[in-house]
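Input: a single structure, listed below in structure tokens.
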Amino acid sequence: MTKPDLIIGIDPGINGAIAVIDIKNDTTEVFDVPTVKVEVSGRNKKTRKKSEYDKLSMSDLFKKYAKRKVVVVMEQVHAMPGQGVTSMFNFGRGVGLWEGIFAAYGWEPEFVTPQSWKKEYGDRLFKNMTKPDILKTMKKADYNRASVAERKEYDEAKKKFESSKKSAKDDAKDEARTLAVELYPQLDDQFNRKKDSDRAEALLIAEQKRREIYG
């Protein structure tokens, strides 16, 4: 089987990113997902601007690769507890748009879970958290029957744990940027911003596939 000479990594979502590792030409690029600002009607008929996928620009990114031997790898992310319905819908819509664009080029994307591609980099991108015992043992029914003091203890533990989880997630994203620069120092100026963690993750997804194919 002929090996692909171009690997595309996708961190989907409207704030996501794309990475292209060109094996044939020995070049690597990263891009933010193209978006445009559109006006939408809100409450009381007031309009506001929101980001929307720029579908034509998304497709145009890949025109120059149309005749290449391409493999596309897209992160497979499931809905998270507490994630809003609108957010889940928009994310799913974005994945569908990518699938449609790639289908037009004759490419069938592979899906890889975060846990799967991150294993390639050891434990650097995993920030494991240990849930406090009270959060593991006290169920909703127990909470409703608990004393004021017990509820307070639970609420404080939950607040502290959620804050720690957010901090760990931010640390993991910063580590992704650091790792991307280590592996591709020529792209160091592409990962200066906090939000560039999405670029870093797209690149690391593509790099994991490159290693799988080429060693």
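Nothing here was measured: the structure is a model prediction, and the numbers come from that model.
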Just do the side chain to side chain contact (heavy atoms under 4.5 Å, CB included) check on Glu175 and Tyr121 with the steps written out, would you? CA-CA 11 Å; Glu175 188 66 21; Tyr121 308 103; over 6 Å; no
Heavy-atom closest contact (Val70 atom, Pro4 atom, distance):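 Shortest heavy-atom contact: C-CB, 4.1 Å.
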Compare every heavy atom of Pro185 with every heavy atom of Glu182, then report the nearest pair and how far apart it is.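 Answer, listing the atom of Glu182 first, then Pro185: O-CD, 3.7 Å.
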Hydrophobic cluster identity match, Ile101 and Trp107, side-chain contacts under 4.5 Å: yes
Does one hydrophobic cluster hold both Val71 and Tyr214, with members joined at side-chain heavy-atom distances below 4.5 Å?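 Yes.
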So for atom [atom1], which belongs to [X], do other residues, nucleotides or ligands contribute more than 12 heavy atoms lying within a distance under 6.0 Å?
{"X": "Glu108", "atom1": "CD", "value": "no"}
{"X": "Asp26", "atom1": "CG", "value": "no"}
{"X": "Lys136", "atom1": "NZ", "value": "yes"}

For Glu207, is there an ion pair with Arg210 - N to carboxylate O distance below 4.0 angstrom? yes
Is it the case that [X] and [Y] place a side-chain donor and acceptor less than 3.5 Å from each other?
{"X": "Tyr65", "Y": "Asp5", "answer": "no"}
{"X": "Ser51", "Y": "Lys37", "answer": "yes"}
{"X": "Tyr184", "Y": "Gln190", "answer": "no"}

In this structure, which one of Lys139, Lys140, Arg145 forms a side chain to side chain donor-acceptor pair (under 3.5 Å) with Asp142?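 Among Lys139, Lys140, Arg145, the one that satisfies the side chain to side chain donor-acceptor pair (under 3.5 Å) with Asp142 is Arg145.
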Ring-face cation of Arg199 near Phe31 (centre distance under 6.0 Å, axis angle within 45°): no
